[in-house]
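What follows is a single structure, written as structure tokens, with notes after it.
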Amino acid sequence: DLELLLIDASYGFELETFEFINILQVHGFPRVIGVLTHLDSFKENKQLRKVKKTMKHRFWAELYDGAKLFYLSGLQYGRYHRLEIQNLARFIAVQKAPILSW
């Protein structure tokens, strides 16, 4: 009942991403967390801030204002940074699970 949507920030949103979000909304799957990856491909800090801001606002426009979006800066020795993954895992762990009625 939770969807993690990984988005490659170096490419941005692709058509398949919007189609997938649409399918989720049609089937009543409102709990979506976005995860931006490949942020290490931006060399300038100004360009990185601009990309983060535009991607966040576009993500909010597609889902809802305030939708949670995490940032993974990049791989280091074949793994993502421990603190970034720990923050994402902590956020998922403390969320309250809704009661499902069949």
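Heavy atoms only: backbone and side chains are in, while hydrogens, waters and symmetry mates are out. Heads up: numbering here begins at 1 and tracks the sequence.
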message: So which atom in Ala9 and which in Phe42 form the shortest heavy-atom distance, rounded to 0.1 Å?
response: O-CZ, 3.6 Å
message: Nearest 0.5 angstrom please: His38 NE2 to Leu72 CG, how far?
response: 10.0 Å
statement: Closest non-hydrogen contact found for Trp60 with Ala67 is NE1-O, 2.8 Å
message: Exactly one of Arg58, Glu14, Met55 should register a side chain to side chain contact (heavy atoms under 4.5 Å, CB included) with Ile7. Which one does?
response: Met55
field: Separation of His57 NE2 from Glu62 CD (nearest 0.5 Å)
entry: 14.5 Å
task: Could you walk me through whether Leu4 and Phe70 pass side chain to side chain contact (heavy atoms under 4.5 Å, CB included), step by step?
output: CA-CA 10 Å; Leu4 290 178; Phe70 283 90; over 6 Å; no
- prompt: Is Leu88 linked to Leu2 within one hydrophobic cluster, defined over Ile, Leu, Val, Met, Phe, Trp and Tyr using a side-chain heavy-atom separation of less than 4.5 Å?
  reply: yes
- request: Check whether any side-chain heavy atom of Val32 sits under 4.5 Å from a side-chain heavy atom of Ile21, and report yes or no.
  value: no
Inter-residue atom distance Arg90.CZ - Ile85.CD1, 0.5 Å rounding: 12.5 Å
Rounded distance (nearest 0.5 Å) linking atom CD of Gln25 with atom OH of Tyr64: 10.5 Å
message: Does Glu44 have more than 12 heavy atoms from other residues, nucleotides or ligands lying within 6.0 Å of its CD?
response: no
task: Apply the side chain to side chain contact (heavy atoms under 4.5 Å, CB included) test between Ile33 and each candidate in Ile92, Leu63, Leu5; give the one that qualifies.
output: Ile92
- prompt: Is Glu84 reaching over with its side chain to a backbone N or O of Ser73, donor-acceptor style, under 3.5 angstrom?
  reply: yes
- request: Output the distance between atom CD (Glu19) and atom CG (Leu24), rounded to the nearest 0.5 Å.
  value: 12.0 Å
query: How many angstroms lie between atom CZ of Phe13 and atom CG of Leu36, to the nearest 0.5 angstrom?
result: 6.5 Å
